[in-house]
Amino acid sequence: MDRINNKIQLLVAIAILIAATQFSSVYSQSKLSNKELITKLKNIPKEYAYIHTNNSLFLTGEYLYYSIYCINDTTKLLTEISKAASVELVDRKGKSIFKHKVKLKSGTGNGDFFIPTSTPSGSYKLLGYTQWMQNGALKDIYQLDIHIINPYQGDQSGADTISNQDSIASPIDIPLQTISKNPLARTLQIPMNNYVYNKRDRAVLNLSKFQDVLTDGYYSISVRKKNELPAPKYDKIDRFLDSLIVDEYSFSDNIENTLFIPELRGELFQGKVIPGNQNDRVKDLKVGVSIPGEHPFFTIAKTDDKGHFYFNIADYYSGDRAVFEILDDDKNKYTFELIQKPLRNIENLHFDDLKIDLTMKDAILRRSISNQIENSYFKFKPDSTIMPGLKIIFNKSIRKTYVLDDFTRFKTIRETVFEYVKDVVIRRVNKNKSVIRVKGYNFGTNSLALPLVLMDGVIIQNHNALLDYESARIYSIEILRDQFIIGPQIYQGAVLVKSKKGLELSNFSSFGVQNFTELFKSLETKKYFKQSYNDSDVVDKLPDYRYQILWQPVKKFTAKDFVLDFYTSDISGIYEVILQGITSTGKPISAIQSFTVN
C-alpha cells in the first residue's frame, strides 16, 4: 500500500512539474509565485545514480563498459522520474573525453566507450547524472576515479612517475566477499561449475538458489582478469548507497533560466529561435522539428516569450541532425540553436593521482600486446545493434500508398500526382505559387487547412519545389485523408514522400530547408559479442587474448537468466566475476568471485 501511495504522490508531483515548466504556455500565465513554485518542486523526489564499470584502470585501445542505475531518493527504488541520463568522462581541466546520453528503462541503462590512442595518460573522472539531478550539489553527482595509461605516447606528464625506491603499493587485492547462508543478505557468493579452468574452457555461473531474491531485479555482470596494475578503488553498489546522503536541491528565483527540467517522457531538447532583426517577434511561433532518416521523427513546438521551445522524443529515431523551420511565410528571418546547460561547478572535482613506476613495465607491455591482437581481429568478434520497437508517425492502415515503379513514370511529381494520386489536388494560388490539398472524408472538413507534407521525414513548406522535383528519384508517395493535430497545428491530411536512397542533407536546400542542427542523441542499444567455441573451426583458429571475457550490461533478471555461461581465453591468471544491481524491492546487491585459468 505504501508503494502505491508513493507512486500516486509521485504522479501528482510530476503533473505539477509538467505544468510549471511549460514556460511557453502555462508558466507565464500561472498565478504561482516563484516561491510557491519552488515549494512544489521540492516535493518531487530527488534522484541519485550509481555506475557499474568493467574496470577503473584502462589502457588506450580498451573498452570502458558501464551500466547506470538511477534511484528515487524517496522510495529507494529504481527511478520512474527520469527517462534519460548522462554519462561523461572528464579530465582534470574539465574537458569532456566523451559524453553519452543513455535512455533509461526502469531507471537503468548502459553504454561503452572505446578509449582511443589519442587519449593521454592521466587521471579522469567518470560522472553519472540525470538532468533532474543537476539541480543538486556536485557531490551528489555520481563520481568514479578512472586512470588511463597510454603506452603509445612518449609524453607521460599526466602521470606521476616515481622511482623504484618510492614504489607504489602492490595491486589492490579485492578480498572475496564473506559467504553468507542467509539468502536475504545483500552480499552473495557466486556458485560456479568449477574454480580452476584451462584455456578456452566453458565456465558456468548458477544463481538459481538466489532466484527468490534476484527475480525481477536489475543486474549487470563483469568477468575480467584481475588487475596486475594498481587501480583506483571504488565502492560496490551496496556500500556506496549505504554511505550516500543527498542534499536538498536548490532552485534560484531566476528559475525559468536555471531550472534543470527532468526528462519525464524521453529525451528532452530545448531550443531557441534567433530573429534576424531584434524587432522581429519570437513569442508564439510554431516550430516544425524534423529528424530525417530511415526512421524519422516529426513534431511541432511553440515558443515562449523569449523564443525558447521544448520537444520530447520518447521513441527510436535514426537521424543525428534536426531540421527546424518556422511554420510561416517569414521563416527565413530566423535561425535556431539547441541549448545545452553545462554541469555546474565541475571545476571543483577532486582527482586521484595516477602513479607509474618501472615495476609496471612488463604488465603494461603484456596487456598492450593483448589489446593490439584483439583489436586486429575485431571484425570477427563484432557487437551488434539491437533495434527497438519502432513507432511510425502515422498508422499504416490508414495510408494509401503509391509505389512509383508500379506506374508509368512522369518527369515530375506534379505530373505524377495529377495522373495517378487520388484525393489530392493542386491549387494554384498565383502564377508563381501552387499548394497541395488533400480531400477529407466529408464535406465538413476544414478546407482552409493544408496537409502536412514530409519528404523523408522533413517538413516541406515549399510545395512548388516538391511538385517540380524529379519523380525518378522518388520511391513512393503515401496519402492520409484524416484531419489531425500536431502540437498547436491543424492539418487536413498528409502527403508522405519517400526518396529512393534517402536524400543527402544538402539536397534539402532545393526545398528551402537549411537549418540543420547536430543533436546530442541517446546511444543505440548493443548486443555485445560473446565468445563461443561450439560454432566453427574458423573461430577455433583465431587467437583469443581477451582480458574482458564477459560483459553483460544491466538487465531485468527472469527465470531464464540465472544460469549463465562463458568461455575462458588464452590468457592465464586470476579472474573475477563481479555482479552488481538492485532487487525489485530496492535492496542493493553485490557479489564477487575469483577463479583461475591455467
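Keep in mind that this is a model prediction, so the values were computed, not measured.
Annotation: side-chain hydrogen bond (donor to acceptor under 3.5 Å, both in side chains) contacts of Asp73 (sequence neighbours excluded): Lys46, Lys76. Residues forming a salt bridge (Lys or Arg N to Asp or Glu O under 4.0 Å) with Lys498 (at least two apart in sequence, or on another chain): none.
Inspection of the Ser96 and Glu88 side chains reveals an N or O donor paired with an N or O acceptor under 3.5 Å. At a cut-off of 3.5 Å, with distance as the only test, a side-chain donor of Glu524 or Tyr316 sits close to an acceptor on the other residue. With hydrogens and angles left out, the side-chain atoms of Thr401 and Glu478 include a donor and acceptor closer than 3.5 Å. A donor and an acceptor atom, one from each side chain of Tyr69 and Gln580, are nowhere located under 3.5 Å apart. Side-chain atoms of Asp112 and Tyr528 include a donor-acceptor pair closer than 3.5 Å.
In this structure, Lys139 and Asp247 have side chains that are in contact, with non-hydrogen atoms separated by less than 4.5 Å. Counting only heavy atoms from C-beta outward, the side chains of Tyr218 and Lys556 approach each other to under 4.5 Å. Glu325 is listed as a side-chain neighbour of Gln461, based on a closest heavy-atom distance under 4.5 Å. Annotation: side chain of Tyr129 is not in contact with side chain of Tyr142 (no heavy-atom distance under 4.5 Å). The side-chain heavy atoms of Phe297 and Phe311, taken from C-beta on, include a pair separated by under 4.5 Å. The shortest side-chain heavy-atom distance between Arg409 and Leu404 falls under the 4.5 Å cut-off. Two residues are said to be in side-chain contact when any heavy atoms from C-beta on lie closer than 4.5 Å; Tyr48 and Leu241 meet this criterion. In this structure the side chain of Gln143 reaches within 4.5 angstrom of the side chain of Leu138, judged on heavy atoms.
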Leu480 vs Val438, side-chain contact (heavy atoms from CB on, under 4.5 Å): CA-CA, chis, key distance, verdict: CA-CA 8 Å; Leu480 291 86; Val438 175; over 6 Å; no
Working for side-chain contact (heavy atoms from CB on, under 4.5 Å), residues Lys500 and Arg473: CA-CA 6 Å; Lys500 281 187 173 181; Arg473 299 185 179 184; 5.8 Å; no
Working for ring-ring contact (aromatic ring centres under 6.0 Å, His included), residues Phe113 and Tyr66: CA-CA 9 Å; Phe113 177 70; Tyr66 62 84; 9.4 Å; no
side-chain contact (heavy atoms from CB on, under 4.5 Å) assessment of Ser434 paired with His463: CA-CA 7 Å; Ser434 297; His463 291 189; over 6 Å; no
From CA spacing to verdict: side-chain contact (heavy atoms from CB on, under 4.5 Å), Val246, Met133: CA-CA 10 Å; Val246 180; Met133 286 173 61; over 6 Å; no
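Of all the heavy atoms in Val273 and Val287, the pair that sits closest is CG2-CG2, 4.0 Å. Across every non-hydrogen atom of Ala49 and Cys70, the tightest pair is CB-SG, 4.2 Å. The two residues Trp132 and Pro262 come nearest to each other via the heavy atoms CE3-CD, 3.4 Å. Here the shortest heavy-atom pairing between Tyr334 and Arg281 reads OH-O, 2.7 Å. Nearest heavy-atom pair, His100 versus Leu523, reported as atom, atom and distance to 0.1 Å: ND1-CD1, 3.5 Å. Minimum heavy-atom separation, Gly136 to Arg344: O-NH2, 3.9 Å.
The main-chain N or O of Gly319 is found under 3.5 Å from a side-chain atom of Lys521 such that the two form a donor-acceptor pair. A donor-acceptor pair under 3.5 Å is absent between the side-chain atoms of Ser290 and the main chain of Pro292, judged by distance alone. For Glu267 (side chain) and Ser522 (main-chain N/O), a donor-acceptor pair under 3.5 Å exists by modelled atom type. The backbone N or O of Leu77 sits nowhere less than 3.5 Å from a side-chain atom of Asn72 that would complete a donor-acceptor pair. A donor-acceptor pair under 3.5 Å is absent between the side-chain atoms of Lys400 and the main chain of Val421, judged by distance alone. Between the side chain of Lys560 and the backbone N or O of Phe557, no donor-acceptor pair lies under 3.5 Å. Although no hydrogens or angles enter the test, the distance criterion places a donor-acceptor pair under 3.5 Å between the side chain of Thr416 and the main chain of Thr412. Proximity of a side-chain donor or acceptor of Asn277 to a complementary backbone N or O of Asn279 within less than 3.5 Å is detected. A donor-acceptor pair is defined here as one N or O able to donate and one able to accept, closer than 3.5 Å; such a pair exists between the side chain of Lys83 and the backbone of Leu264.
Separating the CG atom in Leu41 from the CG atom in Asn135 is a distance of 8.0 Å, to the nearest 0.5 Å. Note that CZ of Arg414 and CG of Leu467 are 4.5 Å apart. Values are rounded to the nearest 0.5 Å. To the nearest 0.5 Å, the span separating CG on Leu78 from CG on Leu104 amounts to 9.5 Å. Atom CZ of Phe114 is separated from atom OH of Tyr65 by 9.5 Å, given to the nearest 0.5 angstrom. Between atom OG of residue Ser86 and atom NZ of residue Lys99 there is a gap of 5.0 Å, rounded to the nearest 0.5 Å. One distance of note links CG of Asn110 with CD1 of Ile51; it measures 11.5 Å at 0.5 Å rounding.
The number of heavy atoms from other shown groups lying within 6.0 Å of CD (Glu337) is above 12. Sparse packing is recorded around NZ of Lys272, with 12 or fewer heavy atoms of other residues, nucleotides or ligands lying under 6.0 Å away. When the shell of 6.0 Å around NZ of Lys526 is examined, it contains more than 12 heavy atoms from other residues, nucleotides or ligands. Counting non-hydrogen atoms of other residues, nucleotides and ligands closer than 6.0 Å to OH of Tyr475 gives a total of 12 or fewer.
Only one option out of Thr303, Asp304, Ile339, Ile300 pairs with Phe309 in a side-chain contact (heavy atoms from CB on, under 4.5 Å); it is Thr303. Checked options Lys439, Arg437, Arg481; the residue passing with Asp423 is Arg481 (criterion: salt bridge (Lys or Arg N to Asp or Glu O under 4.0 Å)). When each of His52, Gln552, Lys555 is checked for a side-chain hydrogen bond (donor to acceptor under 3.5 Å, both in side chains) with Ser220, only His52 meets the rule.
Remark: Lys341 qualifies as a cation-pi partner of Phe260 under the 6.0 Å distance and 45° angle criteria applied to the six-membered ring. Judged by the 6.0 Å distance and 45° axis criteria, Lys286 is not positioned over the aromatic ring of Tyr491.
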